[in-house]
Amino acid sequence: MSSYEKKGTSRKGNNRKTGQAHQNTTAWKPNKNSKKTREINALPVYGLCQRCTDVIMWRKKYRKYKPLTALKKCTGCQEKAIKEAYHVLCNNCASDKKVCAKCLESKEIITNKEDIKTNEDEVREQQEQERLLKLMPLRQQRSYLRKLAREEEVPHLNPEDFEESDFDFGSDFDSEDEEEEQMDELTEKTKTSLKV
């Protein structure tokens, strides 16, 4: 046995490790109104495993994230194709090899680039939905909007549906009997109001 193996530690006296000297009572917050912070937070995180996604999100939260200013060379195909910071594989290589683009481990990928919706995509979808709503008759528009407000399941709007003249989202009533009862009550009320 060498003398190195016998020696346990070089510290003298109390060998117990203590916690961090200065504990933070409040978390650090970046300047939300900063242009750079808004740009960094707007960048999507995709093509990574859970651990790498958490690391990137931590970097964004504490303003340690440094975005790329120029394209980076992929270690798989040796082409300048990486647009995202901290990635070492381009999207094509990572999807072909089915690995995380940062740590290169074959773990489950949280989100792919195709799953990410940009603000322009959301605006385009909203405009398309408004356009399709205008094609509907007023009664169906209001019925559709009521169902959206109640957070019920509503069918997705398709332009092909409006080519048919008998297109209907269904009634707000649970059955035809309830609808008939409501109509009967309305007609009775109008008759009584006309008599008076």
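The structure displayed is predicted, hence computed values, not measured ones.
Residues forming a side-chain contact (heavy atoms from CB on, under 4.5 Å) with Leu138 (at least two apart in sequence, or on another chain): Gln141, Arg142. Scored by the side-chain hydrogen bond (donor to acceptor under 3.5 Å, both in side chains) test, Arg59 finds Tyr86 as partners (sequence neighbours excluded). Partners of Tyr65 by side-chain hydrogen bond (donor to acceptor under 3.5 Å, both in side chains), not counting sequence neighbours: none found. Evaluation of the side-chain hydrogen bond (donor to acceptor under 3.5 Å, both in side chains) rule for Glu79 yields no partner, not counting sequence neighbours. With sequence neighbours left out, Asn41 forms a side-chain contact (heavy atoms from CB on, under 4.5 Å) with Thr37, Lys60. By the salt bridge (Lys or Arg N to Asp or Glu O under 4.0 Å) test, Arg38 pairs with no residue at all, sequence neighbours left out. Judged as a side-chain contact (heavy atoms from CB on, under 4.5 Å), and not counting sequence neighbours, the contacts of Asn33 are Asn31. Residues meeting the salt bridge (Lys or Arg N to Asp or Glu O under 4.0 Å) test with Glu105, sequence neighbours left out: Lys107. Listed by chain and residue number, Gln50 satisfy the side-chain hydrogen bond (donor to acceptor under 3.5 Å, both in side chains) test with Asp54 (two or more places apart in sequence, or in another chain).
Here CD of Glu84 is found 3.0 Å from OH of Tyr46. Values are rounded to the nearest 0.5 Å. In this structure, Ile82 CD1 and Lys80 NZ are separated by 11.0 Å, a value rounded to the nearest 0.5 Å. Interatomic distance, CG of Leu133 versus CG of Leu145, reported as 5.5 Å (0.5 Å rounding). Residue Cys90 holds its SG atom at 8.0 Å from CG of Asp96, rounded to the nearest 0.5 Å.
Residue-environment remark: CD (Gln78) exceeds the threshold of 12 foreign heavy atoms within 6.0 Å.
When hydrophobic side chains of Ile, Leu, Val, Met, Phe, Trp and Tyr are connected at separations under 4.5 Å, Leu104 ends up clustered with Val88, Leu89, Val99. Taking Ile, Leu, Val, Met, Phe, Trp and Tyr as members and joining any whose side-chain heavy atoms lie under 4.5 Å apart, directly or through other members, Leu71 forms no hydrophobic cluster with any other residue. Grouped by direct or indirect side-chain proximity (heavy atoms under 4.5 Å, Ile/Leu/Val/Met/Phe/Trp/Tyr only), Ile109 sits alone.
Lys72 and His87 make their closest contact through NZ-O, 3.0 Å (heavy atoms, listed as atom of the first residue, atom of the second, distance). When all heavy atoms are compared, the tightest approach of Met57 to Val45 is SD-CG2, 3.8 Å. When all heavy atoms of Cys77 and Cys74 are compared, the pair lying nearest together is N-SG, 3.5 Å. Between Lys97 and Gly76, the shortest heavy-atom distance links the atoms NZ-CA, 3.9 Å.
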Quiz prompt | Verdict with supporting geometry, Lys102 and Arg51, side chain to side chain contact (heavy atoms under 4.5 Å, CB included) | solution = CA-CA 10 Å; Lys102 184 176 180 287; Arg51 184 179 179 280; 5.5 Å; no
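Under a hydrophobic-cluster definition in which Ile, Leu, Val, Met, Phe, Trp and Tyr are linked whenever side-chain heavy atoms come within less than 4.5 Å, directly or via other members, Leu48 and Val55 are assigned to different clusters. Hydrophobic clustering of Ile, Leu, Val, Met, Phe, Trp and Tyr side chains at less than 4.5 Å, counting indirect connections, keeps Leu68 apart from Leu43.
Here Glu128 pairs with Arg131 in a salt bridge; the nearest charged N to carboxylate O distance falls below 4.0 Å.
Within the 3.5 Å criterion, the main-chain N or O of Arg139 finds no donor-acceptor partner in the side chain of Ser143.
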